[in-house]
Amino acid sequence: VSADHFFNVSGYSMRDIAALQAQLRRLWDVGGPVHLTAEGTLRCDTAVLQLLAAFVRDLRAAGRAVVWSGDPATVRGAARILGLAAVLAIPPGSGQ
Amino acid sequence: MTLDLAQFNEAFFEESFEAIDSMEAALLALDPGVPDPESINTIFRVAHSIKGGAAMFGFKEVASFTHSLETLLDELRAGRIAVDDTIADILLKSVDVLRALLAATQQGGPIDMQQAADLQFDIESIIARRPGAPCADEAGPEPLVADAAAQRPAFANRWHIRFAPAAGFMLAGHDPLILIEQLETLGLPRVEADLRALPSFGEFDPTHSFLSWQIELDSNATREEVAGIFDWAEDSCELSIDAAGAPGGRGEPETIRPDASVETGRLVTRHAPEPDRAGAGEPPKPAGVDANSIRVSAAKVDALINTVGEIVITQAMLAELGARAQGPVAEDLRTGLGQLERSVRELHEAVMRVRMLPISFAFNRFPRLVRDLSHRLGKKIELRTSGEQTEIDKTVLERIGDPLVHLVRNCIDHGIELPGDRVSAGKPATGTITLEAYHRGSAIIIEVGDDGRGLDQERILAKARNRGLIPAGDTPGIEEIIDLIFLPGFSTADRATDLSGRGVGMDVVRRNIKDLGGSIEVSSDAGAGTRFTIRLPLTLAIVDGQTVAVGKETYIVPLVSIIESLQLRARDVNRLSGFGDVFWFRGDYLPILRLHELFGVTPRHHEISDGLVVVAEGDGRRVGLFVDELLGQQQVVIKSLENNYGTVDGVSGATILGDGSVALILDLPGLIRHGAPRAAA
């Protein structure tokens, strides 16, 4: 898997959601599995999670793998609150 | 559009410090044996709010620490970890750490993370050791649901909430995550996201909202409290909140969208019957927000008070003019001026009340202080407070805190006996410290008392004699003996502890209280206890003063400083080498300060027998102020001399009199330091 398949979603918010969308489009276009990470972020917002939800849902519908690496604790926590943990395919954490 | 969050920093800190105070109060009220679920919820809500705010503002250290704390509290409120003394102690330490973290962050100073890291380690160890650990995240992607189903505590209500943000919801600055997250502060929510309206990724405008949620919330909160969470966003979403089992409840919320053609239509919700009758009839109260109050900076209030002070002065000037007015309209003018005076007085009182805060802000620290110190000393002490809602000026309130701490620490350390000693003396093993506040006239009275051993008068007297403070053979009265405890460096303690007994404190207490224009008295009964009675002015903006004339000038002597006024005969005055003129007053020679000499004005009287002497006190020293005449007593509005002119020794401020002239307000401690020789005062 090349570095082109990796992307860190940390630090994005509604403020720069268009930039995140552009990055995810690039990942989409690369093809193959997608490796996401969100380590080091303390907060994310609904705009980011909504965009990720559409992205991950459609990737998986297209038969492509989505892998979260590291411990995306904050994204997991926010996804849990919004009821999006399943659609985002975020694995259970190993403890925070 | 970029929102500069920094402008809200101060509000965040203010609210966080207040929230920590309430968290501490709830913790102190928590009985580890049978913890009240609502108290734990209250504590959780505070941690949760601070964490959210800190994360939003980018205060990572605070957010990280409160995240761990919040996790522990979540375990406690779900009943997965039992509250015991160890956890109660850790939670109280967390309050201290959180306060320190916030203070360091607010001041932009270095943050000592060691203490926070140590405590965070302890917290996380407790969480890891809980039955059924590892932590909630490992239970599955939706741990809250799984845990809640298994161990959901009993809640009075179950609410079905349907929340559908309008397309422009996030563009308007709202975030569903924050709103839904806040529901966790009210109870245990189950959240299901509805993704049916979410377009495919390729045709996606990520600034628009496409998700909606069905939420089942088990909570003790009323409908109004739940709705309060969505208060700020209700114009730009569809929202329904229905009681479980109510008609049109789950999945079929009875909602009406008045104008479906606009994206941000206000929603009307038909309420099902209220399941929690306890709250019926109460006005709606958004969670965590008092809708009837606003937060205004003290500087704005002070500017308002200053302007009203000017109006008071102008009104007084007009009243003097009106009194002298003659002619056909004079009577009507005086009637109008009388009405103006009443209105101005009401306005002045109303504005002054804005600065008033309940004394509970000062009292709130004492439950913790008493708890911690009594544990350390092996004493059993109950703290009783009353009159917490008695209001006092904000500045007075801020400056009375430390003196009160000194007094309460003294009560704990010196006053209350060890349980065994108390029982031997026929007293209950648990001692009592009382803090009371009430208004009396234009003053607030604060009483600090204990039912301990009382002041040992013989010991105080012996100590004073040893130190040469009382001549051998003198037999001072009880009041004079007790007054000795206020002398600098005076202590009867055999050994100094880190709490008290170093003789530093009581003199500082009295000086601080005097600086506030107040006074302190002590009464004590051997074996029965000691009571300190503090009298403070309600505000520092107004002073009760005695106006005195010296030549053509008028000065204000604060009434609180005055002991007596008298006329001396020439033979009452002696000249002592190095001390100037002195006179004998109640067992002491007091120096005479001639105000005309100090302020360089020409007096009407030079001979002592022609004028009057005002005996006044400052910083524990007494002097006689020689003046031409006493003019009367009145309340005056204090104007800062420092802001308008500069610092003048012996003068605390100025005021404008009814005739428009300026009068200086004397600062007795400064006047004595500046003008009085070191007489035997």
Side-chain angles (χ1 to χ4, degrees), chain A residues 11-25 27-29 34 40-62 64 68 71-96, chain B residues 1-3 51-52 54-56 58-60 63-64 67-68 71 124 127-128 133-145 165 169-171 173-181 183-184 189-195 198-202 204-211 213-215:
Chain A
Y12 285 97
S13 68
M14 173 73 178
R15 217 180 277 184
D16 46 13
I17 195 71
L20 175 61
Q21 188 178 34
Q23 293 292 338
L24 295 178
R25 276 212 177 98
L27 276 176
W28 183 279
D29 294 341
V34 169
T41 191
L42 274 170
R43 181 133 194 123
C44 64
D45 60 21
T46 306
V48 169
L49 290 175
Q50 179 181 252
L51 180 59
L52 285 172
F55 178 67
V56 173
R57 179 196 61 185
D58 293 355
L59 275 175
R60 297 175 87 195
R64 292 171 64 183
W68 286 90
D71 183 14
T74 302
V75 172
R76 182 192 304 113
R80 175 185 63 76
I81 289 165
L82 289 177
L84 295 172
V87 71
L88 285 171
I90 301 180
S94 56
Q96 292 172 60
Chain B
M1 185 181 70
T2 302
L3 185 62
K51 185 192 88 167
M56 187 165 70
F59 304 138
K60 294 178 182 175
S64 170
H67 175 76
S68 299
T71 307
E124 287 172 5
I127 296 166
C135 75
D137 272 334
E138 291 186 329
E142 309 287 345
L144 186 63
V145 177
F169 189 81
M170 294 189 296
L171 281 169
H174 305 304
D175 187 347
L177 174 63
I178 292 173
L179 301 179
I180 296 174
E181 192 176 18
L183 289 175
E184 292 191 357
R190 280 196 200 100
V191 181
E192 285 178 29
D194 185 346
L195 290 86
L198 187 65
S200 63
F201 177 69
F204 195 58
D205 179 352
T207 63
H208 281 194
S209 302
F210 299 99
L211 300 174
W213 288 269
Q214 299 276 358
I215 302 159

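Note on naming: letters A, B, ... go to the chains in the order of the sequence lines (proteins, then strands), and numbering restarts at 1 for each one. Atoms considered below: every heavy atom in the structure, side chains included; atoms not considered: hydrogens, waters and symmetry mates.
Here the closest heavy-atom approach between residue Glu184(B) and residue Arg80(A) is recorded as OE2-NH1, 3.2 Å. Of all the heavy atoms in Pro199(B) and Ala54(A), the pair that sits closest is O-CB, 3.9 Å. Of all the heavy atoms in Met14(A) and Thr207(B), the pair that sits closest is CE-O, 3.6 Å. For the residue pair Cys44(A) and Leu177(B), the shortest heavy atom distance occurs at O-CD2, 3.0 Å. Between Ala47(A) and Pro206(B), the shortest heavy-atom contact is CB-O, 4.2 Å. Of all heavy-atom pairs between Thr46(A) and Pro176(B), the closest is OG1-CD, 3.5 Å.
With hydrogens and angles disregarded, no donor-acceptor distance shorter than 3.5 Å links the side chain of Asp175(B) to the backbone of Asp45(A). Of the possible polar contacts, one joining the Gln50(A) side chain to the Phe210(B) backbone as a donor-acceptor pair under 3.5 Å is found.
The contact between Leu195(B) and chain A is made by backbone and side chain atoms together, counting heavy-atom distances below 4.5 Å. For Ile178(B), the parts sitting under 4.5 Å from any heavy atom of chain A are the backbone and the side chain alike. With a 4.5 Å cut-off on non-hydrogen atoms, Val87(A) touches chain B through its side chain but not through its backbone. In this structure, chain B has no heavy atom under 4.5 Å from any part of Leu20(A). With a threshold of 4.5 angstrom between heavy atoms, Ala53(A) approaches chain B through its backbone and through its side chain.
When the candidates Val56(A), Leu49(A), Leu82(A) are compared by the number of heavy-atom contacts under 4.5 Å with chain B, Leu82(A) comes out ahead.
Rounding to the nearest 0.5 Å gives a distance of 8.0 Å between CZ of Phe204(B) and CD1 of Ile17(A).
Using a 4.5 Å cut-off on side-chain heavy atoms (C-beta onward), Phe201(B) and Arg57(A) make no contact.
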